[in-house]
Amino acid sequence: MKTAVVWHRNILRIHDNPLLDMVHDKGHFDHVVPIYIVTPEALTEDYSVNRKRFLFQSLLDLKKNLDAHYKMPLLLLQGDVNQILSRVFEALDSGEVELICDYCTHPSRRTELANVESLISEKADVSLTIVSSANTLLDIETVVSSPSYTEPKSMKDMQKIFKRAFKSTSEHFNVPEPRKKVPNLPLVKRVSKKLSTDKKISKHVLSEKKIASQLGKDSKEKSYFPGGESEALDRVDRKISDNPAYINNFSKPSTVSTNERNNPFEPTTTGLSAYLAAGCLSPRLVWRLCVNANLTGPHTKPPVSLTGQLMFREMFYLLSRSVENWDSDVGNSNCKNIEWDDLDKEKVRLWEEGKTGFPLIDAMMRQLDATGWMHHLGRHAVSCFFTRGQLWQNWKYGRDVFDRKLIDSDWALNNGNWLWLAGVAPFSMPYFRIYNPCPTPGTSLNVETDEAQFIRHWIPELKSFPSKYIFEPHLASEKVQRESNCIIGVDYPEPMVDRKISRKNNLAKFKESLSRL
DNA sequence: GGATCCGTTGTAGCT
DNA sequence: AAGCTACAACGGATC
């Protein structure tokens, strides 16, 4: 009797799922038991309400899909990983067990896996199979440990790495196809029932009540991005499969345009980040659909194309694995030592709560808090504001806020993007490019724009304010403020800094810090 | 080996 | 009023 325990770590889907693929291809298992073990921080304040909701929606969707396609009940567990796995192995007391899981690059998850490896090395009838690159295009470990590997800093470097890894000089590098959905797997009801009723295991099983509490009450704001593979694939169809022109024209703006920065109701980007981060969506599938669209005609190319975005994602995964202390401002070869001010909790609080007195910054921070999402250029603007632009706070404190609140939180990418934006990394944007937190509307000063609507949507205090003053309401006359039912300094804060002075001072401070390196 | 180019993503001020 | 220009100026790759 052979049983496969399929441990889904960061892969919450059944399409292009190499774990299920392996079970199917080996073909010799009598039983398959899919499990998921919730990591401790997912149940604490380390995750915002939105992040929790996204994760648990995704888990319930995985459960539903496994059941619908394979009649496999997913065991949702919480607790110490080695303790849980030991009990699972004990409960499956007859025959061989093969534990199959996906590889994750995050340091704590590598430690977790190392502990599991040592547990299994003591057990004669249990073996372990680790599937690499379930959630990346490249096999991160293989690339990073290759003798020819040097740390990438640009798209050119990434193109070289892709050429070598896939042994292809073609435009799309012959990245492997996503796998077809596995047609069928053995029935597993009996074994899983045995597991879920086992006393030692059942105390680790997440109850319906516990799951419901993680899902929380319906948020007041309609969720832009409900969690789960089903939602991911729907969105892929809408944005990519049914819309090749969108992919072929996809290009990040070279300047911050009013329209690009904010469309609060539907992003101009794909909105797939959260699904990729949680493993609800296969990056190979996205790559393939981009290639299919590209083959139909002229198209944008890396770095601005969507394939380029996926390649930057790979770049940060590689760096996060090869750079020591990737998430730290000390002992990190990719972080220049800039003399930031000491942590100022009050400044961080005003920024985090959207009370800086800069309406665009505040609107975006309130959107992040309410929905767990922010447009990428919004992220640039608020993180630039927090670091070298205005507040001169260390990037790591802003990084922590993003990590807790974003539904697309991803350790490798979040740190990489903050390093990039703070201007401290070798791959950074030039430090003197400071975003203006108060961009004036592109056309006539009193014309209604997307951005003005966006501000009024998230900052109801300003809902009657004229567009002319919406970015800097403190400049409006007392009369205008009274007529708009919003007195600055009473109903909405004064700007917490003089943006022109702090910009100028910070530019000089950055230059000075660099000259001391 | 020195000069030049390039790097996903800017801003302010003037005309 | 859109478009130009000055600003500021790192470091590695390329020629």
Side-chain angles (χ1 to χ4, degrees), chain A residues 148 150-162 247 249-262 267-270 273 290 299-316 319 333-338 358 360-361 364 374-390 413 416-447 449 468 471-472 475 497-517:
Chain A
S148 57
T150 51
E151 286 171 4
K153 293 192 298 297
S154 66
M155 188 46 60
K156 264 200 180 125
D157 296 342
M158 284 311 294
Q159 283 169 324
K160 281 185 202 156
I161 288 174
F162 268 55
I247 295 306
N249 294 323
F250 190 95
S251 176
K252 288 296 178 68
S254 57
T255 57
V256 181
S257 83
T258 309
N259 194 43
E260 263 300 323
R261 177 149 24 194
N262 282 304
T268 48
T269 48
T270 63
S273 54
C290 290
H299 53 271
T300 55
K301 300 203 161 42
V304 299
S305 64
L306 200 61
T307 51
Q309 312 310 304
L310 287 169
M311 291 172 78
F312 277 116
R313 180 174 184 269
E314 302 288 315
M315 180 170 113
F316 284 153
L319 290 172
S333 63
N334 276 329
C335 178
K336 293 185 184 113
N337 181 25
I338 301 299
F358 291 87
L360 190 56
I361 301 294
M364 293 187 294
M374 194 194 295
H375 191 277
H376 84 287
L377 280 172
R379 300 181 195 201
H380 291 184
V382 301
S383 46
C384 184
F385 184 93
F386 186 79
T387 54
R388 61 198 165 80
Q390 308 293 332
L413 276 52
N417 281 315
W418 275 91
L419 288 164
W420 180 80
L421 210 123
V424 298
F427 47 81
S428 278
M429 83 187 291
Y431 73 85
F432 43 82
R433 290 187 183 164
I434 295 174
Y435 289 90
N436 184 350
C438 308
T440 50
T443 52
S444 162
L445 283 179
N446 235 339
V447 158
T449 63
K468 187 175 176 183
F471 291 100
E472 294 183 275
L475 297 180
V497 289
D498 181 316
R499 67 180 174 90
K500 288 190 179 167
I501 292 174
S502 56
R503 179 190 197 277
K504 194 164 162 248
N505 291 345
N506 291 346
L507 204 54
K509 279 193 271 187
F510 208 109
K511 186 177 163 186
E512 200 194 323
S513 275
L514 285 182
S515 71
R516 280 188 224 163
L517 295 180

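Numbered from 1 within each chain, the chains take letters A, B, ... in sequence-line order.
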*Asks:* Choosing from B/dT11, B/dT8, C/dA8, which nucleotide comes nearest the side chain of A/Gln309?
*Replies:* B/dT8
*Asks:* Compare the minimum distances between each of B/dT11, C/dA13, B/dG7 and the side chain of A/Lys153, then state the nucleotide with the smallest one.
*Replies:* C/dA13
*Asks:* Should C/dA8 form a Watson-Crick or G-U wobble pair with both distances under 3.5 Å, which nucleotide is its partner?
*Replies:* none
*Asks:* Between B/dT9, B/dG13, C/dG12, spot the one nearest the side chain of A/Lys500, thanks.
*Replies:* B/dG13
*Asks:* In this structure, how many angstroms lie between the C1' atom of C/dA8 and the CZ atom of A/Arg388, rounded?
*Replies:* 12 Å
*Asks:* Which nucleotide wins on minimum distance to the side chain of A/Phe432, given the candidates C/dA8, C/dC10, B/dT9?
*Replies:* C/dA8
*Asks:* Could you check which of B/dG7, B/dT9, C/dC10 has an atom nearest any side-chain atom of A/His376?
*Replies:* B/dT9
*Asks:* Taking CE from A/Met158 and P from B/dT8, how many angstroms apart are they, rounded to a whole number?
*Replies:* 11 Å
*Asks:* For C/dT14 versus B/dT8, give the span between their P atoms, rounded off to a whole number of Å.
*Replies:* 13 Å
*Asks:* A/Met429 has an atom CE; how far is it from atom P of B/dC6, in whole Å?
*Replies:* 19 Å
*Asks:* Using the P atom as the reference point in each nucleotide, state the distance between B/dC6 and C/dC7 in Å, no decimals.
*Replies:* 22 Å
*Asks:* Check this one for me: any side-chain N or O of A/Arg499 less than 4.0 Å away from OP1 or OP2 of B/dA12?
*Replies:* yes
*Asks:* For the residue pair A/Phe358 and A/Phe385, is the inter-centroid distance of their aromatic rings smaller than 6.0 Å?
*Replies:* yes
*Asks:* Please give, in whole Å, the distance from C/dC10 P to A/Leu507 CG?
*Replies:* 12 Å
*Asks:* Indicate whether OP1 or OP2 belonging to C/dA8 is found under 4.0 Å from a side-chain N or O atom of A/Arg433.
*Replies:* no
*Asks:* Keeping A/Trp420 on the side-chain end and A/Phe427 on the backbone end, is there a donor-acceptor pair under 3.5 Å?
*Replies:* yes
*Asks:* So A/Lys504, base contact, sugar-phosphate only, or nothing? Heavy-atom distance under 4.0 Å.
*Replies:* nothing
*Asks:* I want to verify a distance call: between B/dT8, B/dT11, C/dA8, whose nearest atom is closest to the A/Met155 side chain?
*Replies:* B/dT8
*Asks:* Taking only the side-chain heavy atoms of A/Tyr431 (C-beta and beyond), determine which of B/dT9, C/dA8, C/dT14 contains the nearest atom.
*Replies:* C/dA8
*Asks:* Could you tell me the separation between the CG atom of A/Asn506 and the P atom of B/dT11, rounded to a whole number of Å?
*Replies:* 15 Å
*Asks:* Between A/Arg503 and A/Asn436, does any side-chain donor sit less than 3.5 Å from a side-chain acceptor?
*Replies:* no
*Asks:* Are A/Phe312 and B/dT8 stacked, counting the six-membered base ring, centres under 5.5 Å, planes under 30°?
*Replies:* yes
*Asks:* Check every atom of C/dT14, B/dT11, B/dT9 against the side chain of A/Asn436 and return the nucleotide holding the closest atom.
*Replies:* B/dT11
*Asks:* Of the non-hydrogen atoms in A/Cys438 and A/Glu472, which two are nearest, and what is the gap between them?
*Replies:* SG-CG, 3.4 Å
*Asks:* Which base, if any, makes a Watson-Crick or G-U wobble pair with B/dT9, both distances under 3.5 Å?
*Replies:* none
*Asks:* What is the separation between atom CZ on A/Phe427 and atom C1' on B/dT9, rounded to the nearest whole Å?
*Replies:* 15 Å
*Asks:* Return the minimal non-hydrogen interatomic distance between A/Ser305 and A/Thr307, and the atom names on each side.
*Replies:* OG-OG1, 2.8 Å
*Asks:* Classify the angle between the aromatic ring planes of A/Trp418 and A/Phe386 as parallel (below 30°), tilted (30 to 60°) or perpendicular (above 60°).
*Replies:* perpendicular
*Asks:* Using the side-chain heavy atoms of A/Arg503, tell me which of these nucleotides is nearest: B/dT11, B/dT9, B/dT8.
*Replies:* B/dT11
*Asks:* Atom CZ of A/Phe385 to atom P of B/dT11: distance rounded to whole Å?
*Replies:* 14 Å
*Asks:* Considering only C/dG12, C/dG11, B/dT9, which nucleotide approaches the side chain of A/Leu377 most closely?
*Replies:* B/dT9
*Asks:* For A/Phe471 and B/dA12, give me the distance from atom CZ to atom P, rounded to whole Å.
*Replies:* 13 Å
